[in-house]
Structures are given as structure tokens and as C-alpha cells.
Amino acid sequence: MKSPRKFFEPLAIGAPQPLREPPVRVERMIHFVPTHLEKVRAKAGDMARTVDVILGNLEDAIPADAKEAARKGFIEMGQKFDFGSTGLWTRINCLNSPWALDDITEIVGTIGDKLDVMMLPKVEGPWDIHYLDQLLAQLEARHNVRKPIQIHAILETAEGVKNVEQIALASPRMHGMSLGPADLAASRAMKTTRVGGGHPDYKVISDPTADGGPRTSAQQDLWHYTIAKMVDACMSAGIKAFYGPFGDIADEAACEAQFRNAFLMGCAGAWSLHPSQVAIAKRVFSPDPKEVAFARRILEAMPNGSGVVMIDGKMQDDATWKQAKVMIDLARQVAAKDAEFAAAYGF
Ligand code: GLV
Ligand code: MG
């Protein structure tokens, strides 16, 4: 294990100082853009104004013969638009693919100063992060990039899940992690062909009744265990957890339920694969104004954060004060970015 002092040293002479505290940013949706398509690229500037993060996707869903066009398209998009406070991310190809090295070197060499986060797929252990960490430092030094590019891992292999805590702690560059339910299902030999969401056969059923009447059953959440494990690994490392893709674009209710479960369990955002999912993510990952109003009452009733009070018959103490603070801190960040929510929260 590296000594704590060395942990925060730049990995290359001339590379920027690693971040001690990650920047505070609202990242309710990471919007995926297939950058090999000219038509989609042309709209990226407008799209960037409606999302928190815009991501040029170079990996899965990009055909092998369009990989270079997607990389070049992403670079062109990064050069052409001013993204303001919207995050600019890319998902590169995985490290053992023929494209990863050129993805990393060409992107950092051209738009390294504009890129906020590099998303790395199929991360299996801290060694993948260490490799990218070192290479990014060398490239930042070579191209005079002044702010460190952060790394976001996709948690989408059984081995990655097994090593999730070490991945979260692997580098000060770690921004966070997203659950990748499609690759993870394949890696674990789960018997589902869906991208996220539940499955009608993964359920609990009530006991048989004496009269042989119908038994009630309810679908369970296939992703509960992994999301919980990911959230604990991320939060204990001071980084952020995200739900990844929801593939059934037409089923907005199921997408919303999946996003909301992730939000309630501690996730900061999710991927949007289609403009319709942007609105869902915005709604879900911004705290509910009614919850914010209640949280405010808790903070007001306990100005120094300790003691015990009753509000509407509910006990409040130091721990619920902290819960309320999580809600209010997030609401303030969202309000600072989004006038619509500032009004709804009364900030
Ligand atoms: C995302 O990359 C997934 O595999 O679900
Ligand atoms: Mg994947």
C-alpha cells in the first residue's frame, strides 16, 4: 500500500497536483452521445445546456468500424463548444481493446484541458485504475494540462464487484463509479437479457392459503445488493456512486423506479441514453420539495445539531439532523444550478 504522503504526489513531473477534495458538482444525469454521428454532434451544444454532464461514448454501442470516427467526433465536439458548467466526460474503450491507448492519448493531447472525467469500462481491480492514473499524469505533463482529469469506473464485472473497495480507494483521481447492469449480468451469468430494471421471475411469493386461493407475489430488485455494495465502497472513500443505463427507453415508469431506488440508496445520478430519460433523472435526483421543507424544519428546530425534538409526532435527534443536512446540502447545490428547483425549494 502506498504511504499517505505519496498518495497525493503527482505521478509525473509537471503533472498537476492531485485533488484532495473532488469538485462539488450536480451530476444528476450523465447524457450519452454517440459522437460518430454528425447529426447528433451538431446538437451537442444545445443538449449541453439541458443536462448536467455530456459524455462522448466511444465504447459499447459504437460499431467497431466507427470507433475512430467517434473519437475524432468527440474531440471535434470538445473543441467546438463551450460547455459552461456542464461536465464534459468521455467513456473510452476498455484497456485491453485495440482502441484504448489512442482514445486516451489523442483526447488528452487535444482537449485535455476541457475534459473533466474519463469513464473507464470493465474495471476489474485497482490495477486498472493505477495504469490509467499513471498514463494520464504523463500525458497531462506532456500537454501542459493544468487540472487533473478524474477517473470514473464502471462496475460491471464479477471481479470488479469483488474488488470494489480497492477500486474506490485506488487514486485521488477517482471521481466515482457507475453500475453497468448489462455487462455485469453477462459476467455473472445472470439469466436476464435486460439492461437494468427488475425481472418478472425474480420475485417473492406468499405462502399457500388453506383454501388454495391465489398467492400474491412481487418482483424484487435484482440490483439491490450491488448498488448497496457500491454505495458503501464509494461513500466510505469520499467519491460518488451512480446507477448506469436503463435500456427499455419506452418504459419510463420502470426507468423512474430504478433511478429512484438508486437515489434513495445514496446514488447521485444515472445515465441518460435518450432525451426522455433526462427529464426522469432530473426529477428523481433532485430532492423532493416536500422532503426538503421537512428537512428544513428539522434544521431550524435543532440549530446546533444536537438534542431531541418532536416534529409532527416524529422523533428528531443528532442523526436525523445529519439526514436533514444531506437533503438540504443537495437541495442547495441543485438550486444553485436550476432556477426551477430553487423556486420549488423556496431558496
Ligand atoms: C453498461 O456499460 C452496462 O454494461 O450496463
Ligand atoms: Mg458495459
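Below, all heavy atoms of this structure are taken into account, side chains as well, without hydrogens, waters or symmetry copies. Fair warning: this is a prediction, and the values are worked out from it, not measured in the lab. Both ligands and their constituent atoms are indexed starting at 1 by order of listing.
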Hey, is the Mg ion (ligand 2) within less than 2.8 Å of some N/O/S atom on E156? yes

Using a cut-off of 6.0 Å, state whether more than 12 heavy atoms not belonging to R5 lie near its atom CZ. no

Looking at D183, which of its N, O or S atoms is the nearest one to the Mg ion (ligand 2)? OD2

Verify the neighbour count for atom CZ of R25: are there more than 12 heavy atoms of other residues, nucleotides or ligands below 6.0 Å? yes

Enumerate, one pair per line, all nitrogen or oxygen atoms of ligand 1 lying under 3.5 Å from a protein nitrogen or oxygen, stating the separation to 0.1 Å; write 'none' if no such pair exists.
unit_1   : atom_1 : unit_2 : atom_2 : d
ligand 1 : 2 (O)  : R91    : NH1    : 3.0
ligand 1 : 2 (O)  : E156   : OE1    : 3.0
ligand 1 : 4 (O)  : E156   : OE1    : 2.9
ligand 1 : 4 (O)  : D183   : N      : 2.8
ligand 1 : 4 (O)  : D183   : OD2    : 3.0
ligand 1 : 5 (O)  : P181   : N      : 3.1
ligand 1 : 5 (O)  : A182   : N      : 2.8

Atom CD of Q333 with >12 non-hydrogen neighbours under 6.0 angstrom: yes

Just by distance, with hydrogens left out, do T226 and R188 show a side-chain donor and acceptor under 3.5 Å apart? yes

Check: D248 and R194 side chains under 4.5 Å, non-hydrogen atoms: no

Donor-acceptor list for residues 292-300 side chains, cut-off 3.5 Å, not counting sequence neighbours:
unit_1 : atom_1 : unit_2 : atom_2 : d
R296   : NH1    : Y345   : O      : 3.0
R297   : NH1    : D312   : OD2    : 3.0
R297   : NH2    : D312   : OD1    : 3.2

May I ask you to test the F74-L115 pair for a side-chain heavy-atom distance under 4.5 Å? yes

